[in-house]
Structure formats: structure tokens, C-alpha cells
Chemist: 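Before anything else, here's the structure in question.
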Amino acid sequence: MALRARATTVSDMENMTGMENPNLAGKRYVAPNQAKAARAALGDVRNKQARSVSLSENKGGKPAQKPAFTKPTRVIREKEIEAPKQNEVEQMETSKLDIDQEMEQEHIVDIDKEDADNPQLVVEYVMDIYKYLRFLERNQNVNTDYLAGQQVILPKMRSVLVDWLIGVHMQFKLLPETVYTAVAILDRFLMSEVTSISRNTLQLVGVTAMLIASKYEEIYAPEVKDFVYITDKAYTDKQIMEMELKVIKSLKFNLGRPLPLHFLRRASKAGEVEAVTHTLAKYIMELSLTDYSLVAEPPSRLAASALALAIRILEPGLTSMTEVWTPSLKYYTQYELSDLYGTMQKLAAVLIAAPTAKLNTVFSKYSARKFLKIARIPALDEPVVKDIASGTIV
């Protein structure tokens, strides 16, 4: 098996371009920086504010008085601060040693070792962070076939709405995370409140989900009037704000559901994949948003399956799926290859149907040059894709 080049630096080029630069073909995937570049929707949506009063002056132009120093009511003495017990220190050191020994025995590369000096990547906590994300995805899951038995809101209507939201996301030039968060909010809200939603208000729920997601993910989110405009004034500002309140109350303000993108970036780093492979996995994941049969897939498994499928398609030198799923991918994704077969089969079927599907916003998006024309690469027409879709894993 050919060795895939490993990413060693951090860049924000994915969030700035969505891995869109055609010059990235053949280059390795680089994890994005946490800093996001400002974006504007329908022009510059940033609020224009008058020059504020200086923090050092009050409204009368006089220097503000410093607050009087307040003496603490109690002084903590050095002897009151308990030092960690010796056995606790030994236990922590032993735990870290066990992890290192396990990785060495399994021939697993420490993908965070070279990032130890980068405080933005919080290497000390990254394993605990992803453990917590997996905990959240279990607690904020979407039920399988949650629209079953509904006579008003049908799965096809949901697919049409999501496809339209992806187009809105493109027009507003929002972050990749925003559309995933919007769809997650939409599904979780419909799962609990679908009986109170009519067909006439389904689009209202959709734009409201995008508004909330924009506020959660973006630095400069589109304004309410932008969503009124994008719906051709089908709804008023007041209706959108009322629905916004209803949605966040229904979700109990729990908006931070883990996204497939979070897990894909980690898996791409663990798999040492090239940028084109990462982009293909992103395309496959985004195709899944409109497919109702995949709504219940945990984000971590969806990302792992999309990456495994992308690697298998783009690396013809691999003779079997077992060569795709390396010990490092197994360790960092927490999935055995057998756990991914069912999801990979569904994703392959969606991938095959994409060029001729009626809802083709994602296909058109990834057919553009800025996304490496990944939706039109010849490798997607290879028999291996059909074999995986039919359940014949090769």
C-alpha cells in the first residue's frame, strides 16, 4: 500500500475556500485553523455602528473614575491549598503511559505529536474533546424514519427543503459548518414538533434553522431581512423571529450538535490522506444531507464511512477494503471496518444517483472548478462504486 503524505501544519484554507483551490490537487490535507475569515451575505451585512464613546470617558467627556479597591474578606493561606496526592499523580502518569504503550503496540502514529507547540490545537485535550463529541451525538441523535406515519410533512418535502437550504447557504457564502448545523436543527425540531408544522410553514422552519445556525457558526451572520428576501417575502420578519423562539425553546437551547465535518477533519489527519480525497469525502457527506434514509446516521460514523469510500475510490492500488482502514483510522475514529459497511453502501448508492438526481444542488456545487470538479472525476464511474452500492465489498 502506498504511503499517503501526512499533514503537519495547520491552515484555514478549507474554511476560506472549502478546499476549493484547484492547485491543491495531489497535495495533502491540512487541518483548518480555528480563525474564520469574515463573510458577507447579499453584500456587506455587518452592522454599521456610530463611533462609540471611549471606554476611558463617560458621556460628559470626563475621565471615568476607577472603582475603589475592595479588600478581600478572606485570605487563602498557602497551607490551605492541598497538593495532589502521590498516588493520584502516579495514576495519571500510568494512564498516559498505558495509552502510549497501546499506540506503540498497535503501530499507531501519534498524529498530534507535531502539533504540541500549537496552542490552538489543544493537543492535551483533543482526545477528551472527541470523546465528549461522541457523547453528544448519542444524546442529540435523530430517530430513524421520524416522519413515518405523517400525512402532512413527507420525506420528499424534507429533501426538497434541504436541497434549497444548500443553495441558500451557497448564495450567502457561509461556512461549511453552517449548513450541517442548520440541517441538524431542522431534523431535531421536526422530530419533536412535526405535528404542529403545516406545509405552508415548512419553509419558514427551514430558513429559521439557517438563521439560528448562522448565528451559532458565523462571525457576521445574515440578518432577518436577508432571509425575508431569500424567501421572496413569503414570510415577515416577525414570523421568522417568532419561529426562531419556538425552535430554540423546543431544542432547549442545545444547538451544539457534533457535525460530520468535525470528525472528518480528524479522520483525514489520521488517515494521512491527500486534499482531493478529503474533498471527495466532503462531497459524499454533503450528498447525504438530502437523503432521508441517512438522517439517523451518527455524524462520526457518517464521516468515517465517507472517508473510507473516498479512499477506496481514489486509490486503485488498494486491492481490498481492509487495506483502506488502517490501524490509525480504526484507533482515532473508534470504528471497525465492519461497522461502516452498511453506511458505505447507502453513500455509494447516493453517489451513483447524484448526476441524474432532480435535487442536484450539491452535484452542481462540487462540479465547479473551485471544488476541484470532484463530482465529475472519472473514478466515480469505476465498477468499484457500484460493487460497494450493491453490497459486494471489494
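In what follows, residues are counted from 1 in the order of the sequence shown.
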Chemist: Hey, what's the ring geometry for Y283 with F363, parallel, tilted or perpendicular (30° and 60° as the breaks)?
Modeler: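 Tilted, since the angle between the ring planes falls between 30° and 60°.
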
Chemist: Does K365 have any salt bridge (Lys or Arg N to Asp or Glu O under 4.0 Å) partners at least two apart in sequence or in another chain, and if so, which?
Modeler: E286

Chemist: Taking L359 as the starting point, is it possible to reach Y366 by hopping between hydrophobic residues whose side chains are less than 4.5 Å apart?
Modeler: no

Chemist: For residues I108 and S328, determine if any side-chain heavy atom of one lies less than 4.5 Å from a side-chain heavy atom of the other.
Modeler: yes

Chemist: Could you please spell out the steps behind the side-chain contact (heavy atoms from CB on, under 4.5 Å) verdict for V384 and I388?
Modeler: CA-CA 6 Å; V384 64; I388 295 175; 4.2 Å; yes

Chemist: Using the rule that two of Ile, Leu, Val, Met, Phe, Trp, Tyr join whenever any of their side-chain heavy atoms come within less than 4.5 Å, decide whether V205 and M241 are in one cluster.
Modeler: yes

Chemist: So, using side chain to side chain donor-acceptor pair (under 3.5 Å) as the criterion, who are the partners of S367 when residues are at least two apart?
Modeler: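 Expected list: R376.
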
Chemist: What I want to check is whether the side chains of D163 and T361 have a donor and an acceptor closer together than 3.5 Å.
Modeler: yes

Chemist: Under 4.5 Å between side-chain heavy atoms, counting indirect links through other Ile/Leu/Val/Met/Phe/Trp/Tyr residues: same cluster for V162 and V160 or not?
Modeler: no

Chemist: Considering non-hydrogen atoms only, spot the tightest contact between V385 and A379 and give its length.
Modeler: CG2-O, 4.1 Å

Chemist: So, using side-chain contact (heavy atoms from CB on, under 4.5 Å) as the criterion, who are the partners of Y125 when residues are at least two apart?
Modeler: V122, I129

Chemist: Is a side-chain N or O of N139 found less than 3.5 angstrom from the main chain of F135, in a donor-acceptor match?
Modeler: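 It does hold such a pair.
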
Chemist: Mind checking what makes side chain to side chain donor-acceptor pair (under 3.5 Å) contact with T343, not counting sequence neighbours?
Modeler: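 Partners of T343 under the side chain to side chain donor-acceptor pair (under 3.5 Å) test: E297.
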
Chemist: Measure the shortest side-chain to side-chain distance between L174 and P222 over non-hydrogen atoms and say whether it is less than 4.5 angstrom.
Modeler: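 Counting from C-beta outward, L174 and P222 do come under 4.5 Å.
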
Chemist: Compare all side-chain heavy atoms of N141 with those of N143 and state whether any distance is below 4.5 angstrom.
Modeler: yes

Chemist: Just jot down the side-chain contact (heavy atoms from CB on, under 4.5 Å) partners of T236, sequence neighbours excluded, or say none.
Modeler: K238, Q239

Chemist: Hey, are the side chains of L307 and L329 touching, using non-hydrogen atoms and a 4.5 Å cut-off?
Modeler: yes

Chemist: Any side-chain heavy atom of T181 sitting closer than 4.5 Å to one from R257?
Modeler: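 No, every pair of side-chain atoms sits at 4.5 Å or beyond.
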
Chemist: Does R265 pair with E177 as a salt bridge, N-O distance under 4.0 Å?
Modeler: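 Yes.
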
Chemist: To check you understand the geometry: which heavy-atom pair defines the closest contact between A281 and A310, and what is its length?
Modeler: N-CB, 3.9 Å

Chemist: Any idea which heavy atoms bring W325 and Y335 closest together, and the distance?
Modeler: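 Taking W325 first and Y335 second, the nearest heavy atoms are NE1-O, 2.8 Å.
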
Chemist: Donor-acceptor pairs are to be reported for all side-chain atoms of residues 149-158 against protein atoms at under 3.5 Å, with residues two or more places apart or in another chain.
Modeler:
{"from": "R158", "atom 1": "NE", "to": "D187", "atom 2": "OD1", "distance (Å)": "2.8"}
{"from": "R158", "atom 1": "NH1", "to": "L289", "atom 2": "O", "distance (Å)": "3.1"}
{"from": "R158", "atom 1": "NH2", "to": "D187", "atom 2": "OD2", "distance (Å)": "3.0"}
{"from": "R158", "atom 1": "NH2", "to": "L289", "atom 2": "O", "distance (Å)": "3.1"}

Chemist: Under the ring pair (Phe, Tyr, Trp, His ring centres under 6.0 Å) rule, what pairs show up with a residue in residues 285-309, not counting sequence neighbours?
Modeler: Y146-Y292

Chemist: Please list all pairs meeting ring pair (Phe, Tyr, Trp, His ring centres under 6.0 Å) that have one or both residues in residues 188-214, counting only residues at least two apart or in different chains.
Modeler: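 Checked against ring pair (Phe, Tyr, Trp, His ring centres under 6.0 Å) - neighbours excluded - no pair reaches residues 188-214.
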
Chemist: Less than 4.5 Å apart, side chain to side chain, heavy atoms only: is that true for K249 and K246?
Modeler: no

Chemist: For T178 and A213, work out which heavy atoms get closest and say how close.
Modeler: O-CB, 3.5 Å

Chemist: Taking the basic N atoms (NZ, or NE/NH1/NH2) and the acidic carboxylate oxygens, is any pair closer than 4.0 Å for D115 and K269?
Modeler: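 A salt bridge is present here (some side-chain N lies under 4.0 Å from a carboxylate O).
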
Chemist: Contact between I377 and L372 at the side-chain level, heavy atoms closer than 4.5 Å - yes or no?
Modeler: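 Counting from C-beta outward, I377 and L372 never come under 4.5 Å.
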
Chemist: Which heavy atom of K225 sits nearest to which heavy atom of E223, and what is that distance?
Modeler: CE-OE1, 2.9 Å

Chemist: Holding to side chain to side chain donor-acceptor pair (under 3.5 Å), I want the full list of residues that pass it with E193, two or more places apart in sequence or in another chain.
Modeler: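 For E193, the residues satisfying side chain to side chain donor-acceptor pair (under 3.5 Å) (neighbours in sequence not counted) are S250.
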
Chemist: Output the distance between atom CD1 (I212) and atom CG (L255), rounded to the nearest 0.5 Å.
Modeler: 6.5 Å

Chemist: For N254 and R188, what are the C-alpha separation, side-chain angles and deciding distance, and is it a side-chain contact (heavy atoms from CB on, under 4.5 Å)?
Modeler: CA-CA 10 Å; N254 295 321; R188 292 171 59 206; 3.9 Å; yes

Chemist: Work out which heavy atom in M285 is nearest to a heavy atom in A303; give both atom names and the distance.
Modeler: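 Looking at all heavy atoms of both residues, the closest pair is SD-CA, 3.7 Å.
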
Chemist: Just to verify, what does T231 make a side-chain contact (heavy atoms from CB on, under 4.5 Å) with, not counting sequence neighbours?
Modeler: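 Once residues adjacent in sequence are excluded, the partners of T231 under the side-chain contact (heavy atoms from CB on, under 4.5 Å) criterion are W164, Q203, V207, A234, Y235.
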
Chemist: Check side chain to side chain donor-acceptor pair (under 3.5 Å) between S198 and all other residues, then give those that pass, not counting sequence neighbours.
Modeler: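 Partners of S198 under the side chain to side chain donor-acceptor pair (under 3.5 Å) test: T201.
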
Chemist: In sequence, state the C-alpha distance, the side-chain angles, and the governing distance for T290 and V350, and then conclude on side-chain contact (heavy atoms from CB on, under 4.5 Å).
Modeler: CA-CA 10 Å; T290 57; V350 173; 5.9 Å; no

Chemist: List for me each residue that meets side-chain contact (heavy atoms from CB on, under 4.5 Å) alongside E336, sequence neighbours excluded, and say none if there are none.
Modeler: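 Counting only residues at least two positions away or on another chain, E336 forms a side-chain contact (heavy atoms from CB on, under 4.5 Å) with K330, S338, D339.
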
Chemist: I would like to know whether L347 and L294 meet side-chain contact (heavy atoms from CB on, under 4.5 Å); could you show each step before the answer?
Modeler: CA-CA 9 Å; L347 291 175; L294 291 164; 3.8 Å; yes

Chemist: Less than 4.5 Å apart, side chain to side chain, heavy atoms only: is that true for K215 and E244?
Modeler: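 Yes, their side chains come closer than 4.5 Å.
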
